[in-house]
Protein chains: 2
Amino acid sequence: MTDSTGATGDGAGGRDAEAVSRFVESFAAQLVEAGMQRMPARVFAALLASNQGAMTSAELGEQLRISPAGVSGAVRYLSQQHMVSREREPGSRRERYRVHSDQWYEALTSREAVLKRWGNALREGVAGLGERTPAGRRLAETLAFFEFVDGELAAMMERWRVHREKIFGG
Amino acid sequence: MTDSTGATGDGAGGRDAEAVSRFVESFAAQLVEAGMQRMPARVFAALLASNQGAMTSAELGEQLRISPAGVSGAVRYLSQQHMVSREREPGSRRERYRVHSDQWYEALTSREAVLKRWGNALREGVAGLGERTPAGRRLAETLAFFEFVDGELAAMMERWRVHREKIFGG
DNA sequence: CGCTTCTTTCAGAAAATTGTGAAGATGAGG
DNA sequence: CCTCATCTTCACAATTTTCTGAAAGAAGCG
């Protein structure tokens, strides 16, 4: 089935498997340090470093030495976070997991959901403690900061798209 | 010793302890979900919700029901992340931990160290996989994105300072 | 100097998280 | 309608993380 010499061109394929693995593990380690779970981090890094930006479950399992269950869990997490998308190649039940550059930048920056929940907690705090109290004012200012950031991020992403086009050409 | 009726005016003090605790726990929960450790998150939220934006170790321990050791560990982490600063009130060995709004916004956004490490991992990846390969190009684009964001964040914080002054008055 | 008060460090118990094998589900193709 | 390939769910074992009590370390104050 899977041609170990790399006819697929995905994953480590025929390439310098050593270099791929070095990158995957070191980048994943950074993601872990930033709070991401280990397995999703490794899967994500592997996809980033894959030739086509997409790999099947089997390829991921083989390259990272993890069980199908592990791949499944990692991928579920990643797609909930909108960091990867899944595609079915027609005619097979094999699923491919793909990282769209654009998509994952968005996911990273548009912590929209996060900002919203933080905002809610802060709003309730202001209400509960009283707008007039020192603590209430502090929370209100923090809330204002998050709302500000939320607005700015959208604009920043727009600038990024322009910037990116200039460099890489859409 | 510590006047349990709240003469200090810090922490929950004479205020609606119920409301304070509700905010602390719910905001801390959000921070935890975003990847922060539980105890630092609770300590930080408690400081945010305190009257003076500062509390002593004993006050934190009492309000959050955690041991001095727990406070110590949490505070060490928070000050490493530049989210709180420590002050000695002269004449006592009591230490006060304070959250400066400005300071912690900076800490939150200037993920400088993080971005730098991610950048390094990506740069090595590009070198290892080859700039000409599809994977190399993908990593290079990701790297460019981080460098872009890094630059933007500084500008954003500057705009925030202006915006904030307008609303809250320096 | 030594007493007292507060903080930090450390080893270990308790709890949470992680990754696996095995069994179950899902759907293409005969 | 059955089979085969694939993915997912679940219960559990192993690891890791978290928090504590106890003891050691600092620093004011007499």
Side-chain angles (χ1 to χ4, degrees), chain A residues 1-3 8 10-11 24-25 28-29 31-47 54-81 84-98, chain B residues 1-3 8 10-11 24-25 28-29 31-47 54-81 84-98:
Chain A
M1 243 269 114
T2 17
D3 175 355
T8 66
D10 293 54
V24 167
E25 298 307 330
L31 294 174
V32 167
E33 193 159 335
M36 194 168 181
Q37 292 152 4
R38 180 193 304 294
M39 197 146 325
R42 299 212 305 149
V43 166
F44 183 73
L47 287 172
M55 294 171 76
T56 65
S57 175
E59 289 169 335
L60 284 166
E62 188 190 354
Q63 185 182 331
L64 301 174
R65 305 311 219 74
I66 60 185
S67 71
V71 174
S72 175
V75 159
R76 177 175 35 174
Y77 173 85
L78 289 170
S79 69
Q80 275 171 358
Q81 304 297 313
V84 309
S85 58
R86 13 183 23 142
E87 352 179 304
R88 263 281 183 20
E89 32 188 335
S92 165
R93 215 156 9 314
R94 239 182 194 152
E95 206 134 14
R96 297 175 83 63
Y97 308 109
R98 154 159 281 125
Chain B
M1 246 262 106
T2 14
D3 176 356
T8 64
D10 292 52
V24 168
E25 297 307 329
L31 294 175
V32 168
E33 193 159 333
M36 196 168 178
Q37 291 153 4
R38 172 172 265 92
M39 193 142 329
R42 299 211 306 146
V43 166
F44 183 73
L47 287 172
M55 294 171 75
T56 65
S57 175
E59 288 168 335
L60 284 166
E62 188 189 355
Q63 186 183 330
L64 301 174
R65 305 308 220 73
I66 60 185
S67 70
V71 175
S72 174
V75 159
R76 178 177 33 178
Y77 173 84
L78 289 171
S79 70
Q80 275 171 359
Q81 304 297 314
V84 309
S85 58
R86 16 186 18 143
E87 354 180 302
R88 263 285 183 17
E89 32 187 339
S92 166
R93 214 160 14 313
R94 241 182 192 149
E95 207 135 10
R96 296 175 82 62
Y97 308 109
R98 155 160 279 127

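The chains referred to below are lettered A, B, ... by the order of the sequence lines, with proteins before strands, and numbering in each begins at 1. Here the structure is a predicted model, which means the values were calculated and not measured.
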Mind checking A:S57 for me? I need base, sugar-phosphate or nothing, with any heavy atom below 4.0 Å counting as a touch.
sugar-phosphate
What's A:R42 touching, base or sugar-phosphate or nothing? Going by heavy atoms closer than 4.0 Å.
nothing
Per-nt protein contacts along nucleotides 25-30 of chain D (heavy atom under 4.0 Å; B base, S backbone sugar-phosphate only, - none) come out as -BBSS-
d(CD, B:E33; P, C:dT17) in whole Å
12 Å
Side chains of residues 67-75 of chain B: which donor-acceptor pairs under 3.5 Å do they make with residues two or more places apart or in other chains?
{"residue": "B:S67", "atom": "OG", "partner": "B:A69", "partner atom": "N", "Å": "3.4"}
{"residue": "B:S67", "atom": "OG", "partner": "B:G70", "partner atom": "N", "Å": "3.1"}

For atom CD of B:E89 and atom P of C:dT5, their distance in whole Å
16 Å
Nucleotide C:dA28, atom C1' - distance to CZ of A:R94 in whole Å
14 Å
B:M55 CE to C:dC6 C1': how many Å, rounded?
16 Å
Can you tell me if A:R98 uses its side chain to pair, donor with acceptor, with the backbone of A:E87 under 3.5 Å?
no
For B:Q81, what residues pass the side chain to side chain donor-acceptor pair (under 3.5 Å) criterion, not counting sequence neighbours?
none
Side-chain N or O of B:R86 less than 4.0 angstrom from OP1 or OP2 on C:dT8?
yes
Round to a whole Å and report the spacing from CD of A:E87 to C1' of D:dC7.
16 Å
So which protein nitrogen or oxygen atoms get under 3.5 Å of nucleotides 15-20 of chain D's nitrogens or oxygens?
{"residue": "D:dT20", "atom": "OP2", "partner": "B:S67", "partner atom": "N", "Å": "3.2"}
{"residue": "D:dT20", "atom": "OP2", "partner": "B:S67", "partner atom": "OG", "Å": "3.2"}

With A:E89 via side chain to side chain donor-acceptor pair (under 3.5 Å) - residues at least two apart
none
Heavy atoms under 4.0 Å, any strand shown: does B:Y77 hit a base, just sugar-phosphate, or nothing?
nothing
Ring pair (Phe, Tyr, Trp, His ring centres under 6.0 Å) filter on B:F44, not counting sequence neighbours, yields B:W104
B:R76: which residues meet the side chain to side chain donor-acceptor pair (under 3.5 Å) condition with it, sequence neighbours left out?
none
Please enumerate all residues that pass side chain to side chain contact (heavy atoms under 4.5 Å, CB included) together with B:A41, with sequence neighbours excluded.
B:A28, B:L31, B:V32, B:M36
Just jot down the side chain to side chain contact (heavy atoms under 4.5 Å, CB included) partners of A:R93, sequence neighbours excluded, or say none.
A:R88
Distance in angstrom units between A:L64 CG and C:dT20 C1', rounded
15 Å
Here the gap from B:L64 atom CG to B:M55 atom CE, rounded to the nearest 0.5 Å, amounts to 6.5 Å
